[in-house]
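The structure under discussion appears below in the form of structure tokens.
These figures come from a predicted structure and were not determined experimentally.
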Amino acid sequence: MITRRKLLKSGGTAFAVASSGLALPAYAQTKSLKIGYVSPQTGPLSAFSAADSFMVEKFLAAAPGLGLDVEVIVKDSQSNPNRAAEVAKELISRDEVNLILVASTPETTNPVCSIAEQEEIPVISTVAPWQPWFIGQQGNPGDPASWQEFDYVYHFFWGLEDNISTFMNMWNSVSTNKQVAALWPNDGDGNAWASPDVGMPPALAAQGYALTDPGRYQNLTDDFSAQINAFKQAGCEIMTGIPIPPDFTTFWTQAKQQGFNPKLVSVAKALLFPESVAALGDLGHNLTAEVWWSPNHPFKSSLTGESAADLAMAFEASAKRQWTMPVGFVHALFEVAADAIKRTDDPTDSAALAAAIGSTNIDSVVGKIQWGRDNVPEFARKNISKTPLVGGQWRKQADGSFDLVIVENANAPNIPLGGTLETLS
């Protein structure tokens with residue numbers, strides 16, 4: 001198998017600071033190190049990596065002005081946990097990186113972080129709810145008494161409690177029969193969402209919602225007739241789940257063909273990307289999803305000073321495509337990396353760099369990133385920093401494109417609303 005491996009260095013003419021238009025301070029001492037970056041650039045999760053090349057180049061353009069001489073080695077997990085573990089080992093043993101950045105779903109973040117923790121290599125991780133990230137890496141996920149903190153790996157994102165709360169805030173604003181259809185796959189995210197302990201079932205029960213859960217299914221399933229029949233028989237007026245993008249396209253197309261017409265559809269993961277929604281055509285109108293980042297978020301980059309709107313516009317101009325949520329979070333990975341490296345006397349000292357990451361306190365383009373805050377349970381507080389979450393609804397525009405409108409912000413009122421929730425039927 002051919003390994004996809006990109007080596008990019010700062011300071012070259014392709015990434016000169018002058019080309020970025022940024023006014024950055026000079027540092028007397030240049031700090032040199034290798035950074036590995038892992039994400040699912042191919043396979044069914046590849047939509048998460050649309051902003052990768054743009055953000056790596058933006059970081060490298062800024063690095064010399066920050067006093068950093070860095071090489072970024074990019075690896076593709078191929079949306080496969082086994083491959084993610086393999087490339088993590090390659091980065092550590094062959095490429096001898098000093099730091100790893102990793103993004104996008106537990107299938108990539110968890111294997112990379114587990115390997116790096118064993119090898120004592122610092123990692124900054126994002127774009128996976130904290131429960132499947134933290135609990136999924138424990139030796140015995142079913143025994144909370146055995147859970148341990150990590151010394152080298154740090155993760156920032158929101159948790160299942162935030163997503164569940166956001167979805168239920170939307171549902172509570174509409175009159176329904178409170179019958180909920182659940183489409184949860186047999187993967188890290190699906191199993192976490194379905195968990196009777198930390199997932200959606202207890203939260204639904206507490207607010208009087210009834211759940212129809214036909215059980216776990218395998219990713220890339222091509223026939224959802226059994227699930228659709230179960231949802232129709234239960235009279236479900238709300239549908240939720242966390243399928244991968246191609247699976248939701250298959251499910252929702254079949255659901256409409258077979259007469260399943262809920263009032264609200266709130267789906268995590270699959271409905272994050274404009275391309276995935278646009279592929280549904282008219283069937284994508286008014287579907288809802290969690291929104292972790294948008295051009296309307298009132299935050300700025302600690303690395304470049306750009307606002308969320310500036311960053312989204314720059315991506316669209318470069319990529320010739322609509323902004324996508326990972327734009328902000330991939331950028332924030334490099335914000336945290338740059339900040340920690342600058343605060344470490346010798347960033348090639350793994351323990352010192354890990355300690356610097358753990359003491360991060362920055363206002364980033366995705367909000368505050370600071371580990372150790374009390375908005376996370378004590379057992380995970382050292383390794384998890386939560387970021388804000390709101391609810392959005394996809395609206396089809398006259399030109400056929402889709403706009404993601406923020407319609408729910410109770411948990412993050414500083415992020416402005418753009419409209420009011422509408423039902424599908």
When you measure from the side chain of Asn110 to the backbone N and O of Pro132, does any donor-acceptor pair fall under 3.5 Å? yes

Sub-4.5 Å side-chain heavy-atom contact between Ile406 and Ile415: yes

Does any part of the side chain of Val180, heavy atoms only, come nearer than 4.5 Å to the side chain of Thr212, both counted from C-beta? no

Are a donor atom and an acceptor atom from the side chains of Trp133 and Ser125 found within less than 3.5 Å of each other? yes

Sort and list the pairs that fulfil side chain to side chain donor-acceptor pair (under 3.5 Å) and have at least one residue in residues 193-206, not counting sequence neighbours. none

Using only atom types and a distance under 3.5 Å, with no angle test, would you say the side chain of Arg381 pairs donor to acceptor with the backbone of Gly372? no

Could you check whether any side-chain N or O of Trp158 sits under 3.5 Å from a backbone N or O of Lys386, counting only pairs where one atom can act as donor and the other as acceptor? no

Count the heavy atoms belonging to other residues, nucleotides or ligands that lie under 6.0 Å from CD of Glu378, then report whether that count exceeds 12. no

So, applying side chain to side chain contact (heavy atoms under 4.5 Å, CB included) with Val366, which one of Leu333, Val327, Thr126, Thr387 is it? Thr387

Is it the case that the side chain of Gln137 and the backbone of Ser114 share a donor-acceptor pair, with hydrogens and angles ignored and the cut-off at 3.5 Å? yes

Nearest heavy atoms of Arg395 and Val405, plus distance in Å: CG-CG2, 3.8 Å

Quick check: do Val198 and Ile135 have side-chain heavy atoms less than 4.5 Å from each other? yes

Do you know the tightest heavy-atom contact between Tyr217 and Asp247? CE1-OD2, 3.7 Å

Side chains of Asn411 and Asp162: is there a donor and an acceptor less than 3.5 Å apart? no

For a quick check under 3.5 Å, do Trp371 and Thr360 share a side-chain donor-acceptor pair by atom type? no

For Asn286, is there any backbone N or O sitting under 3.5 Å from a side-chain donor or acceptor partner on Gln393? yes

So, Phe379 versus Trp147, ring centres under 6.0 angstrom or not? yes

Let me see the working for Thr166 and Asn163 under side chain to side chain donor-acceptor pair (under 3.5 Å), right down to the final yes or no. CA-CA 5 Å; Thr166 296; Asn163 202 338; 5.7 Å; no

Which heavy atom of Val153 sits nearest to which heavy atom of Phe150, and what is that distance? CG2-CB, 3.5 Å

Heavy-atom neighbours of Lys89 NZ exceed 12 at 6.0 Å: no

Can you label the angle between the Phe248 ring and the Phe251 ring as parallel, tilted or perpendicular, going by 30° and 60°? tilted

Straight-line distance of Ile357 CD1 to Ser385 OG, nearest 0.5 Å: 13.0 Å

Atom pair CG (Asn172) and CG (Leu421), whose distance is rounded to the nearest 0.5 Å: 11.0 Å

Give the C-alpha distance, both sets of side-chain angles, the deciding distance and a yes or no for side chain to side chain donor-acceptor pair (under 3.5 Å) between Glu237 and Trp171. CA-CA 10 Å; Glu237 293 187 344; Trp171 304 345; over 6 Å; no

Does a side chain donor of either Asn177 or Tyr209 reach within less than 3.5 Å of an acceptor in the other side chain? no

Quick one: pull up SG in Cys236 and CD1 in Ile238 and give me the separation to the nearest 0.5 Å. 9.0 Å

Rounded distance [0.5 Å steps], CG in Asp399 versus CZ in Phe402: 10.0 Å

Any side-chain donor near an acceptor of the partner, Ser301 and His331, under 3.5 Å: yes

Flag the pair Glu86 and Arg83 as a salt bridge only when some basic side-chain nitrogen lies within less than 4.0 angstrom of an acidic carboxylate oxygen. yes

Kindly indicate whether the side chain of Pro243, heavy atoms from C-beta on, has any atom under 4.5 Å from the side chain of Val267. yes

If you count every heavy atom of other residues, nucleotides or ligands that lies below 6.0 Å from Asp222 atom CG, does the total exceed 12? no

Between Asn140 and Ser146, do the side chains contain a donor N or O and an acceptor N or O under 3.5 Å apart? no

Examine distances only and state if a side-chain atom of Gln254 and a backbone atom of Phe224 form a donor-acceptor pair shorter than 3.5 Å. yes

Is Thr288 reaching over with its side chain to a backbone N or O of Val265, donor-acceptor style, under 3.5 angstrom? yes

Please check if the distance between the ring centroids of Phe157 and Trp292 is under 6.0 Å. yes

Under the 3.5 angstrom rule, does the side chain of Glu316 hit a backbone N or O of Trp323 as a donor-acceptor pair? yes

Would you please say whether a donor-acceptor pair under 3.5 Å links the side chains of Asn80 and Glu107? no

Considering non-hydrogen atoms only, spot the tightest contact between Val97 and Ile73 and give its length. CG1-CD1, 4.1 Å

Shortest non-hydrogen contact from Val365 toward Phe299: O-CB, 3.4 Å

Full working for side-chain contact (heavy atoms from CB on, under 4.5 Å) between Thr324 and Leu272: CA-CA 8 Å; Thr324 184; Leu272 300 175; over 6 Å; no

Only pairs at least two apart or in different chains count here, so list each salt bridge (Lys or Arg N to Asp or Glu O under 4.0 Å) that has a residue in residues 274-303. Glu275-Arg321, Asp282-Lys396

What is the distance from atom CG of Asn98 to atom CG of Asp349, rounded to the nearest 0.5 Å? 10.0 Å

Look at the side chain of Ser49 and the backbone N and O of Pro40, then say whether any donor-acceptor pair between them is shorter than 3.5 Å. yes

Do Leu68 and Ile341 have side-chain heavy atoms sitting under 4.5 Å apart? yes

Are any of the side-chain heavy atoms of Asn186 and Asn219 separated by less than 4.5 Å? no

Whether Asp95 and Lys34 form a salt bridge (side-chain N of Lys/Arg under 4.0 Å from carboxylate O of Asp/Glu) is what I want to check. no

Taking atom types as modelled, find out whether Gln78 and Thr42 have a side-chain donor-acceptor pair closer than 3.5 angstrom. no

Examine Lys232 relative to Phe260 and say whether NZ or CZ is less than 6.0 Å from the centre of the six-membered ring and inside a 45° cone about the ring axis. no

Parallel, tilted or perpendicular: which one describes the rings of Tyr37 and Phe334, with boundaries at 30° and 60°? tilted

Do Ile100 and Val112 have side chains that get closer than 4.5 Å, going by heavy atoms? yes

Between Leu264 and Glu422 the two heavy atoms that sit nearest each other are CD2-O, 4.0 Å

Using a strict cut-off of less than 4.0 Å between a Lys/Arg side-chain nitrogen and an Asp/Glu carboxylate oxygen, indicate whether Lys269 and Asp189 qualify as a salt bridge. yes

Calculate, to the nearest 0.5 Å, the distance between atoms CZ and OG belonging to Phe156 and Ser364 respectively. 6.5 Å

Looking at Thr105, is its backbone amide N or carbonyl O close enough to the side chain of Thr108 to form a donor-acceptor pair, meaning the two atoms are under 3.5 Å apart? no

Would you call Ser350 and Ile121 a side-chain contact if the rule is heavy atoms closer than 4.5 Å? yes

